[in-house]
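Scroll down for the structure; my scribbles are underneath it.
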Amino acid sequence: MTQMLQGLMQDDFPLTLNHIRRRMRDCNHGSELVTLLDDGSVSRIEHPELTKRIDRLARALAALGVEQGDRVASFAWNNQRHFELYVGVPCVGAVLHTLNVRLFAEQLTYIVNHAEDKVIFVDDSLVPVLEPLAGSFESVEHYVIMGDGDAGGLPGALRYEELLEDAGDGSFDYPELDERQAAALCYTSGTTGNPKGVLYSHRSISLHSSATLMADGSGLSRADRVLSVVPMFHANAWGLPYGGALAGSDLIMPDRFLGAEPLAGLIAAERPTLMGCVPTIFNDLLRYADAHPEVDLSSLTNAACGGSAVPRQLMKDFEERHDVRIFQAWGMTETSPVATYARPREGEHDDAYWDDRAKQGRPLPWVELRLIDGNGVEVPWDGISTGEIEVRGPWIAAGYFREDDEDKFDSGWLRTGDIAAVDEKGFVQITDRAKDVIKSGGEWISSVELENELMSHPDVVEAAVIAKPDERWAERPLCCVVLREGSDADAAALIEHLRPKVAKWWLPDEFAFVAEIPKTSVGKFDKKVLRGRLAEGTLEGRVQLS
Ligand code: ADP
């Protein structure tokens with residue numbers, strides 16, 4: 001019998017966030033973290049100095065009685081103190097639970113009680129949102145206010161800066177951690193049923209951060225300045241804070257100022273190279289920049305967009321009109337989140353190149369992906385056949401925190417609920433979320449593709465396509481459209497725009513011209529709400545074509 005010959009490497013060196021902290025302290029001299037403040041000015045701190053505050057935070061956590069494995073929650077926007085929690089809490093062996101500040105009250109109560117959060121760190125600007133819920137939290141022992149603002153009625157509220165002051169100077173004796181121990185917790189937004197907790201390990205975060213830095217991912221380096229607009233409570237801000245810290249990039253945090261005007265000002269002043277956010281925010285920014293030609297966004301040579309399909313026209317308009325390059329990535333809370341990245345080979349920017357840019361991209365190294373059809377059979381990668389994406393890899397969830405959901409897992413693979421085709425080059429193209437598919441006469445119509453084509457019309461600001469029940473075909477597409485102000489485009493004009501681009505039977509026979517597409521807590525089109533309005537008969541501006 002042959003015997004395994006063990007390698008002779010330091011295989012037990014743990015992949016933990018303590019490495020990122022030490023790197024920031026020792027290797028990131030000159031790298032800074034910038035936060036936009038209430039008065040429009042910014043604060044700046046270099047990484048080594050920041051780690052001294054993280055040491056104080058570690059001591060403060062110990063003084064509060066935080067022990068390994070305890071859940072410590074944050075209720076905060078993207079700012080310096082939230083970043084300190086991002087590093088400090090996991091480094092003492094506790095688990096940072098990032099609460100989505102835009103969730104409904106019942107969901108927040110459910111999540112805090114389910115996670116059994118022991119401490120909640122809250123931005124002073126968010127105290128009024130949290131305060132009415134405090135009575136419903138069963139496990140919280142301390143509230144810590146970040147900032148000088150009013151503590152409201154939060155029971156026994158402590159002050160972040162006072163805790164750090166009391167903690168005093170000097171290094172902290174960080175515990176030896178196992179790379180498999182939990183570091184962070186994030187709940188899915190729970191579009192169906194209760195939100196579910198995804199519990200990241202030090203190892204999964206370390207590997208995810210490293211892989212996203214690769215050249216065919218975000219490609220971040222020491223020379224980059226990263227503007228993380230995607231909230232730190234939305235799937236680890238897509239790994240940008242940890243990845244940036246690992247690379248030694250500068251980090252720029254907009255706090256709660258996410259409107260196009262403050263963002264454009266911040267970009268012009270701080271010259272980030274990468275900005276990460278969902279398409280709706282990029283869309284707002286594009287309209288603002290078009291209306292204000294003096295705004296200079298051209299430092300964004302490597303922006304990252306995802307969370308929902310990124311319209312090709314949005315990327316092209318940014319590139320052609322503002323010298324901004326946006327690359328698309330795909331993933332979900334359960335995948336840490338980045339799983340694929342669209343980085344076609346550079347060359348001529350012809351239609352084939354843009355076809356690839358508009359796809360969701362190739363799996364990152366260490367992510368394995370397959371497509372499974374409705375009969376459980378694997379679908380070939382031919383660019384046409386579609387199936388549900390299943391993924392596996394070292395930063396993909398293997399289960400949910402304190403909840404069994406066997407349907408979500410298939411012998412070591414995560415069922416994503418996304419339907420896609422994959423081409424011969426390994427580029428994934430999402431056609432729909434399983435719950436959004438439109439099945440007409442037994443065939444699928446891709447709502448994502450129809451939306452993409454509609455949003456390439458110059459007068460269409462937003463488009464979301466939902467299924468409308470139909471006696472003959474089972475379902476037909478209904479296109480909810482927001483037109484540019486002053487536009488006189490009508491349903492017939494939009495049909496003519498679509499006619500050369502999609503199959504005849506995909507052409508919608510109904511539009512709804514709405515003032516706004518409702519958005520989820522992380523800024524995606526909320527089709528559930530549109531479907532609800534359709535069912536109730538309250539969907540406005542409906543126009544039927546004969
Ligand atoms: P939720 O949208 O349910 O709040 P997530 O933020 O985890 O939670 O979203 C994950 C989902 O977002 C994916 O399953 C997919 O449907 C969608 N998504 C993410 N990125 C993209 C993308 N680039 N293109 C299309 N869909 C995307």
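One-based numbering, in listed order, for ligands and for the atoms of each.
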At the 4.0 Å heavy-atom cut-off, does [X] count as touching ligand 1?
X	answer
Gly331	yes
Ala235	no
Val310	no

Considering distance alone, does some N or O of [X] sit under 3.5 Å from an N or O of ligand 1?
X	value
Ala329	yes
Cys305	no
Gly307	yes
Thr416	no
Lys524	yes

Can a side-chain donor-acceptor contact be found between [Y] and [X] if the only test is distance below 3.5 angstrom?
X	Y	value
Ser447	Lys527	yes
Ser385	Asp382	yes
His114	Asn194	no
Tyr400	Glu334	yes

Which segment of [X] sits under 4.0 Å of ligand 1 when only heavy atoms are counted:
X	value
Ser521	neither
Thr333	both
Arg433	side chain

message = Apply salt bridge (charged side-chain N to carboxylate O under 4.0 Å, His left out) to residues Asp356 and Lys425 and explain how you reach the verdict.
response = CA-CA 10 Å; Asp356 285 347; Lys425 294 178 299 202; 2.6 Å; yes
message = Do Arg357 and Phe327 form a cation-pi contact, if we require the NZ or CZ to be under 6.0 Å from the six-membered ring centre and within 45 degrees of the ring's axis?
response = yes
query = Hey, what's the ring geometry for His97 with Tyr187, parallel, tilted or perpendicular (30° and 60° as the breaks)?
reply = tilted
request  = Determine yes or no for a side-chain-to-main-chain donor-acceptor pair under 3.5 angstrom, with Asn78 supplying the side chain and Ser228 the backbone.
outcome  = yes
query = Is there a donor-acceptor pair closer than 3.5 Å between any side-chain N or O of Asn283 and the backbone N or O of Glu462?
reply = no
remark   = Looking at Pro279, Ser308, Pro195, the heavy atom closest to atom 27 (C) of ligand 1 belongs to Ser308
In terms of atom number and element, which parts of ligand 1 are under 4.0 angstrom from non-hydrogen atoms of [X]?
X	result
Gln328	22 (C), 23 (N), 24 (N)
His234	6 (O)
Gln360	22 (C), 23 (N), 24 (N), 25 (C)

ask   = Do Arg71 and Asp117 meet the salt-bridge criterion of a basic N to acidic O distance under 4.0 Å?
value = no
